[in-house]
Structures are given as structure tokens and as C-alpha cells.
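Down below is the structure, laid out as C-alpha cells.
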There are 2 protein chains.
Amino acid sequence: MNKSALVYDDLRQKIDRDVYQPGTYLPSENQLCQLYGISRETGRKALAELAEDGYIQKIRGKGSIVIEHRQYEFPVSGIVSYKELAEKMNVTTENVVYGFEEHVSLPVQMFTSLRVEMTAEPVTAVKRLRVIDGEPDIIDKDYILTAIVPKLPKAAAQDSLYAYFENDLGLEIAYATKEITMEPANDEDREQLHLDPGAYVAVVRSVTSLADATPFQFTESRHRADKFRFRDFARRTKK
Amino acid sequence: MNKSALVYDDLRQKIDRDVYQPGTYLPSENQLCQLYGISRETGRKALAELAEDGYIQKIRGKGSIVIEHRQYEFPVSGIVSYKELAEKMNVTTENVVYGFEEHVSLPVQMFTSLRVEMTAEPVTAVKRLRVIDGEPDIIDKDYILTAIVPKLPKAAAQDSLYAYFENDLGLEIAYATKEITMEPANDEDREQLHLDPGAYVAVVRSVTSLADATPFQFTESRHRADKFRFRDFARRTKK
DNA sequence: TAGTGGTCTAGACCACCCA
DNA sequence: GGGTGGTCTAGACCACTAC
């Protein structure tokens, strides 16, 4: 691991464990150099990531103050897999694969608003129902490019697509564009999520790309409106 | 302006104007050094920001490839004021201030889920209706700490709170935590947004803080469900 | 005045990609 | 082997904060 990543992890851990509490200051940059035996720019890199992730706020002439930071909320913030999230929370979850089709066409029209170049390439289509604490809350529809993942094992869909992509195939997942809208529930939503007529669902559509900038996974995630929550941390960009 | 910011702006502008098109590579880091007369780390800083903002993807051994990037969508992504957004889009907007109360208490219970330390401090409460293309789409309820903004002119609410905070008061807005949920429309929603009974609204609650880490503005933004859209760009964080 | 973070530099070594 | 990005260093100068 990098030196800066090690410093980042150590500081973040200490913030999480309240060694450094919100409202107090971290050691100064010069002190970090001595504490960790690093150069100043290396320490600054770690601090910059902490700031980016919402752990600290840097104040010129004073120091880096610990702030109340976002915590991962269900269902998602950033790119985190359902399984990773479920492990962070203390919830019992179940994962029902109720659709699995190979060599179908990517439903391009579903993702046009995300403005990613795409064609109706062959994909593997997976439908999953996420059951949280005994209640069906989310429908996930994934379309994975056959060109990247030629033969998707059903077991991977049952367990975790991300774990399969990263650990078994060695794919490097880099970034995603996602979009949240609210839409009236369709028949499938009402059936799977046990919704009344006239109900709404929160729809998250995302396109996930690899480190070489290839979009390879298209996901439509449909959430019960009353269970949906999305948290975000944003910094003001200077003009 | 910084050298790295100048380089960032120049590159971003050229990407926006298709001088560097999606799918092609930017000049290499060493070339950027010569092109702009800067050191490599300075250029790298500019490139890191472009990557963070979703403009490029850096590929080791190859270069920095331009990717399709997010564009600002109505109503919000990151911290951008309503006025700034309206100017980026080509829409006619109207801004109706229909509530203005000074020296009231902050409705703490509305924002508890954002887990920011707060007390029922005195605030100025502003209610605004955003009318887009002749249709009322958004209700914004802002609560601004009197301790930071003692006397908020009504004209500022009519124009732009952000412009007033930044340009007139010299406040430095740094970051915000926000949360998106879906909730049944209440009476006020139905009246202002002309909704039917049983309709839902998308609710964005946010807490905005200054550069010295002081939370000073609490906002509840209620959107017509059918007009709500939120776009996000996220990078996969390495474990 | 001393300490803080903000920026920039010139150089080094490494891992990766590709011809 | 030559070019690319990834990381780290040691030092410099600046702007801001606090006393």
C-alpha cells in the first residue's frame, strides 16, 4: 500500500474511533511528517482525501478540523456493491435471482438519458429482488456486456456481481454515472415489491465503467419509495 | 488564479468545445509541462481534478483519455445555486418568495437524519416557490443562522441567497451534506405545486457549511416527483 | 513573529503499456 | 527500450491566523 494511503487509513480509523473527535484538530502537516516519517506532500495527499471524503475541513493558518462525516446509508452512495453495504449495516438480507437471460440486446432506450455511448450489444440480463429484514425493497436489473463477461455464472448473481468481477475476473471497476428519478410503479414493481396501485418507486439508473474507460455494466435499480434514501457529500467548486 | 487551476480550466474548456473529444487522449504529462511551462506535479494536479469531475480517465502506461462527462442537470448536482443552474440551462424561471420570518427557531427535527450537531438557534426562515417554464416545480425552505447572517434582505431571497452570501457578505461556502427521500405530498405541497391527493414529492434536505466548518444554512427542497432528476458521478474507492 | 496550510519546483524511482 | 502515469522527496515561497 502507498504511504499516503497508509496515513489516510490510520487517520480515518482514528477519526472513526474518536481518537480525533469532531471539532478538534488533527496534528499539523509538519507534525504528520515526523509522526509518520513522510514528506509534507505525502501527508497533504492523505489529508486531501480525508477532506474529499468529508472527514475533515482544512483551514489555512489553523489546521485540519475533524467534521461530522457522512456515513454509508442504505441503499447506496458512491459505488459500493449491495453485498458490501449489507455487511456494513446490521441487516439480514436475502437475494432472489428471478430472471437470468444470456445473449439478449442491451435495452439502450432505458439509459439514453445518461448520455453514454452505447449500442445494442449482446448482454447477460439479470433480475434480482433484494429482501431486507423480510421485506422486498429493491429490484435490480443488471445488463452486463457479453464482450467483457462472456459467461456469467448464476452463482455470481446469487452472491455478488462486484466480487465476481473484481476477484474472479480481475476487472478493475473505476467509475459510474448514475441518475435518480421517481416514476410510477409498473406491474412488475407492484408484484415483486407488493405495492398498491398508484404507488411510486425511486429509480436509480447507472452505467459502470472499467479503468480503461469501457462501460460494461448497466443497472436499473427500483426502490420502494418509503424505504429510499440517498446521502451525498458535496464541496463547493470555486469558480 | 493558480497555475494548476489555469491548466484545469484550459483543458476543461477544450474538452467542452470538443478540441479534445471523448475517446481521445490528452497530451501526456510531460507534454503538458512544456505546453504550459509548469512542473509535472502541477499538471498532475489539474489532471486529478479533471478525473475527479468526470472529464477524463487516467490509464497508466497509456495516458489520460477523455470520457463522456456528466453535465449539470436540473435541479442539482454538487453545490450549485438555483440561479447558477438556471443560467446554465435555457429555461425561463421565476422565483416567488411566499414566506419570510426572522428570529424563529431552527426546526431541528427536520434535519436530525443528517447527523449534524445543531441546536434550536435563531434563524431567518425563507420559503420560495421555483417556477420553471411557467410551472411551479420546487418549494425551497431555507433556514439561515441569524448568528452568521444577522439581517437578510428580502431582495437577496428574491434574487439569489448564494450570491448574497458570497459576494456581499464574503462568506466562503465550502461543503454540504444532503439527503434525498421520497415523501407523500403535504397540504402545502399540493397547494403550491398543484398536485393531486396521493401524490409524492422528492425531498432534498441539506446542511451547508462554511470554510471554517460552521453549518449555517439548512434547506428543505421539495420537488414535483415527475420533474425530479438527480445525476451523480462516482468513483470506485479502493479498499 | 511563529506556526499553519496553499502552491510550485526539479528530480528520483517505480509499474505499466506497447512496439 | 522508450513513453506513460503513480509515488515520493526536500526545499522553497506565499497567505493567513494567532499572539
Side-chain angles (χ1 to χ4, degrees), chain A residues 1-11 20 23-52 55-67 170-172 174-175 210-214 235-239, chain B residues 1-11 20 23-52 55-67 170-172 174-175 210-214 235-239:
Chain A
M1 187 126 67
N2 300 340
K3 281 193 183 183
S4 66
L6 289 169
V7 174
Y8 171 90
D9 281 344
D10 190 65
L11 291 173
Y20 300 125
T24 67
Y25 285 87
L26 292 185
S28 77
E29 294 182 353
N30 282 320
Q31 288 172 322
L32 290 179
C33 296
Q34 299 185 331
L35 278 174
Y36 294 97
I38 54 176
S39 72
R40 193 168 152 232
E41 282 292 355
T42 302
R44 280 178 59 74
K45 202 171 175 184
L47 293 178
E49 294 230 352
L50 288 171
E52 184 64 37
Y55 283 91
I56 63 172
Q57 171 72 4
K58 306 192 79 180
I59 305 176
R60 194 208 305 247
K62 298 185 76 175
S64 298
I65 192 170
V66 179
I67 59 180
L171 296 180
E172 204 175 329
Y175 60 90
L210 301 174
D212 66 358
T214 315
R235 285 192 175 274
R236 171 78 164 161
T237 53
K238 311 128 201 168
K239 305 154 202 174
Chain B
M1 186 126 69
N2 302 338
K3 282 193 183 181
S4 66
L6 288 170
V7 175
Y8 170 91
D9 281 345
D10 190 64
L11 290 174
Y20 300 125
T24 68
Y25 286 87
L26 292 185
S28 76
E29 295 182 351
N30 282 320
Q31 289 173 322
L32 290 179
C33 295
Q34 299 185 331
L35 278 174
Y36 293 98
I38 55 176
S39 71
R40 195 170 149 227
E41 284 292 355
T42 301
R44 280 179 58 74
K45 202 170 176 184
L47 293 178
E49 295 229 352
L50 288 171
E52 185 63 40
Y55 283 91
I56 63 172
Q57 171 72 3
K58 305 191 78 177
I59 305 177
R60 195 208 305 246
K62 298 184 75 175
S64 298
I65 192 170
V66 178
I67 60 181
L171 296 180
E172 204 176 327
Y175 60 90
L210 301 174
D212 66 359
T214 313
R235 285 193 175 272
R236 170 79 166 158
T237 53
K238 309 130 201 168
K239 301 157 201 175

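Since this is a predicted model, take the numbers as computed values, not measurements. Letters A, B, ... are given to chains in the order of the sequence lines, protein chains preceding strands, and every chain is numbered from 1.
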* Asked: Below 4.5 Å, heavy atoms only, C-beta onward: do A/K62 and A/Y25 meet side chain to side chain?
  -> yes

* **Residue whose nearest DNA chain D nucleotide is more 5′ - A/S4 or A/R60** => A/S4

* Asked: Rounded to the nearest Å, what distance is computed from the CD atom of residue A/E29 to the P atom of nucleotide C/dA2?
  -> 20 Å

* To do: Using atom CD of B/Q57 as one end and atom P of D/dG5 as the other, report the distance to the nearest whole Å.
  => 13 Å

* Any side-chain N or O of B/K3 under 4.0 Å from OP1/OP2 of C/dT9? -> yes

* **side chain to side chain contact (heavy atoms under 4.5 Å, CB included) partner of A/L47, the single match among A/L26, A/V7, A/T42** => A/L26

* Does A/S39 put a side-chain nitrogen or oxygen below 4.0 Å from OP1 or OP2 of D/dG11? -> no

* To do: Check whether any side-chain N or O of A/Q57 sits under 3.5 Å from a backbone N or O of B/A211 as a donor-acceptor pair, and report yes or no.
  => yes

* Asked: Looking only at N and O atoms, is any donor in the side chain of A/R40 or the base of C/dG6 less than 3.5 Å from an acceptor on the other one?
  -> yes

* Using the closest heavy atom to pick a nucleotide of DNA chain C for each, name whichever of B/I59 or A/P27 lands nearer the 5' end. => A/P27

* To do: May I ask you to verify if any side-chain N or O of B/K62 is less than 4.0 angstrom from the OP1 or OP2 atom of C/dC18?
  => yes

* Starting at OG1 of A/T24, measure out to CD1 of A/I65 and round the result to the nearest 0.5 Å. => 7.5 Å

* **Atom pair distance, as rounded to whole Å: CG in A/L32 and P in C/dG3** => 16 Å

* To do: Answer yes or no: is there a donor N or O on one side and an acceptor on the other, between the side chain of A/D212 and the main chain of A/T214, under 3.5 Å?
  => yes

* **Gap between atoms CD and C1', on B/E41 and D/dT9 respectively (whole Å)** => 10 Å

* Tell me: CD of B/Q34 to C1' of C/dA10, nearest whole Å? -> 14 Å

* **Between P of C/dG5 and CG of A/L47, the distance in whole Å** => 8 Å

* When you check the phosphate oxygens OP1 and OP2 of C/dG3, does a side-chain N or O of A/S28 lie under 4.0 Å from one of them? -> no

* Structure fact -> On DNA chain C, more 5' by nearest nucleotide between A/S64 and B/G61 is A/S64

* Give a yes/no on whether any side-chain N or O of A/R44 is located under 4.0 angstrom from OP1 or OP2 of C/dG5. => no

* **Euclidean distance, atom CG of residue B/N30 to atom C1' of C/dG11 [Å, nearest integer]** => 12 Å

* Structure fact -> Taking for B/Q31 and for A/K45 the nucleotide of DNA chain D with the nearest heavy atom, the one nearer the 5' end belongs to B/Q31

* Ignoring backbone atoms, test whether A/T42 places a side-chain nitrogen or oxygen under 4.0 Å from the OP1 or OP2 oxygen of D/dT9. => yes

* Rounded to the Å, how far apart are B/Y25 OH and D/dG5 P? -> 10 Å

